[in-house]
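Down below is the structure, laid out as structure tokens.
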2 protein chains.
Amino acid sequence: MAELTKSQIKRRALVKATIELVNNSGFHAAPMSKIAKIANVSPATIYLYFENKQDLVNKVYIEVKASFTEYAFATYDPNMEVAEGFEVIWKRIADFKLKECEEAMFLAQCDNTPMIDEQSREEGIKHLQPLLDLWERGKKEGKIKPLSDYILYAYAINPLSFLMITQKRGRFQLNEDHLEEAYQSAWSSIKI
Amino acid sequence: MAELTKSQIKRRALVKATIELVNNSGFHAAPMSKIAKIANVSPATIYLYFENKQDLVNKVYIEVKASFTEYAFATYDPNMEVAEGFEVIWKRIADFKLKECEEAMFLAQCDNTPMIDEQSREEGIKHLQPLLDLWERGKKEGKIKPLSDYILYAYAINPLSFLMITQKRGRFQLNEDHLEEAYQSAWSSIKI
DNA sequence: TGTATAAAAATGAACGTTCATTCTTTTTTA
DNA sequence: TAAAAAAGAATGAACGTTCATTTTTATACA
């Protein structure tokens with residue numbers, strides 16, 4: 001683990017506090033004063049790190065999205081077979097959504113509301129490129145259905161968000177079996 | 001069309017204004033004053049119809065959810081074959097999400113944030129019962145995979161929300177072909 | 001039918017609070 | 001000891017909500 005400067009520690013505490021508060025209360029009930037309190041920092045200090053509240057949320061979104069995709073592709077290698085590549089990516093994404101539940105919840109909220117700028121949203125999408133490339137190759141090799149990327153995403157990846165939120169709300173418990181079933185559903189919805 | 005009293009007209013205007021403003025700006029940027037202005041009503045008038053802002057949003061959610069499920073099941077008959085019943089329901093849901101886009105966006109936002117009470121959320125889930133019953137029957141008849149309702153929902157229904165939002169944001173255009181593809185994906189992800 | 005009147009509905013202005021942000025001062029770091 | 005970082009208190013704007021009043025509606029009676 002790299003050494004963290006005091007500045008980095010403060011900034012991280014702010015990011016974490018923002019995620020926590022927005023998850024539990026929503027943007028509308030996440031005042032700067034509370035974010036500061038949870039991060040053990042003065043409200044004024046936030047403005048040393050971020051321009052304003054909108055900038056804070058945008059940056060948190062972009063950083064969490066980046067950390068999400070970094071995790072998703074960490075064990076993936078573009079030379080893998082299409083099927084293996086997809087399985088590796090899918091399972092890492094599932095992993096992230098279950099282990100880094102707070103961050104995943106935050107992303108889900110951002111992705112379904114006008115909370116963040118359209119520009120930050122665009123920025124976040126870019127990071128998915130390796131998955132889109134894999135699908136492109138899969139289509140060329142006749143292994144993946146020739147569907148729009150959005151439809152592939154809707155059926156192969158996005159359901160995990162719904163399951164994660166449902167689990168977080170305590171409506172049901174996702175276990176290993178469920179996950180394997182979900183993976184089979186995901187793969188069979190896109191494979192030829 | 002039944003006659004509407006002036007009261008009903010005002011109340012509906014308020015509900016519509018809430019949906020519109022929350023969709024475009026988010027709960028945090030939908031002040032009562034603006035909702036009132038869009039509905040052509042005094043801010044004080046809102047409090048004749050709703051206890052407070054939270055109550056307003058909760059009630060709008062419950063009513064939109066009810067209208068959504070009423071639409072979804074309007075042409076469904078519990079005596080239908082499982083496959084036909086599912087197709088009928090799925091296509092009505094798709095219809096609703098595309099035609100009543102504003103209402104569907106609002107639901108998506110509520111379902112992914114702490115905007116509304118847990119109690120109102122529970123209330124909204126109840127209306128889905130006919131679909132769960134259909135699945136139950138389908139499992140008994142060996143026509144639907146013996147998966148948890150949440151997983152079935154995640155793969156068969158929820159993807160439509162993602163596609164609807166993506167479409168609304170102008171990222172791609174959903175046409176008839178896409179819809180048929182999406183339906184095939186949905187059905188093949190739950191049928192045995 | 002037309003008018004008086006009480007109740008209901010609706011209003012705009014006002015209230016107290018909370019918020020995001022800034023200002024001035026203090027503390028920490030280099 | 002100068003500069004940078006951080007703090008708490010202060011500020012003005014905006015918010016949700018309420019209040020005092022006006023307008024509309026419904027009712028009763030001529």
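As the structure is a computational prediction, the values presented were derived from the model and not from experiment.
The shortest distance between the side-chain N/O atoms of A:K10 and the OP1/OP2 oxygens of D:dA6 is below 4.0 Å.
The pair A:K126-A:E122 does not count as a salt bridge, with every side-chain nitrogen at least 4.0 angstrom from each carboxylate oxygen. Look at A:E63 and A:K59 and you find no salt bridge, because none of the NZ, NE, NH1 or NH2 atoms lies under 4.0 Å from a carboxylate O. B:K91 has a carboxylate O that lies under 4.0 Å from a charged side-chain N of B:E87, or vice versa, which qualifies the two as a salt bridge.
Between A:L14 atom CG and D:dA7 atom C1' the separation is 14 Å, expressed in whole Å. Here the P atom of nucleotide C:dC19 and the CD1 atom of A:I35 are 11 Å apart, to the nearest Å. Distance CD1 (B:I9) to P (D:dT25): 11 Å, rounded to an integer number of Å. Nucleotide D:dA14 holds its C1' atom 13 Å from the NZ atom of B:K37, rounded to whole Å. In this structure, the CE atom of B:M32 is 20 Å from the P atom of C:dA14, given to the nearest Å. Summarising the geometry, the separation between CZ on B:R11 and P on C:dA10 is reported as 13 Å, rounded to the nearest angstrom.
In this structure, the side-chain contact (heavy atoms from CB on, under 4.5 Å) partners of A:I125, at least two apart in sequence or on a different chain, are B:R171.
A:N158 and B:Y155 form no side-chain donor-acceptor contact under 3.5 Å, judged by distance and modelled atom types alone. Donor-acceptor pairing under 3.5 Å is lacking for the side chains of B:Q119 and B:E123.
Residues from residues 38-54 of chain B with heavy atoms under 4.0 angstrom of DNA chain C, sorted by number: B:V41, B:S42, B:A44, B:T45, B:L48, B:Y49.
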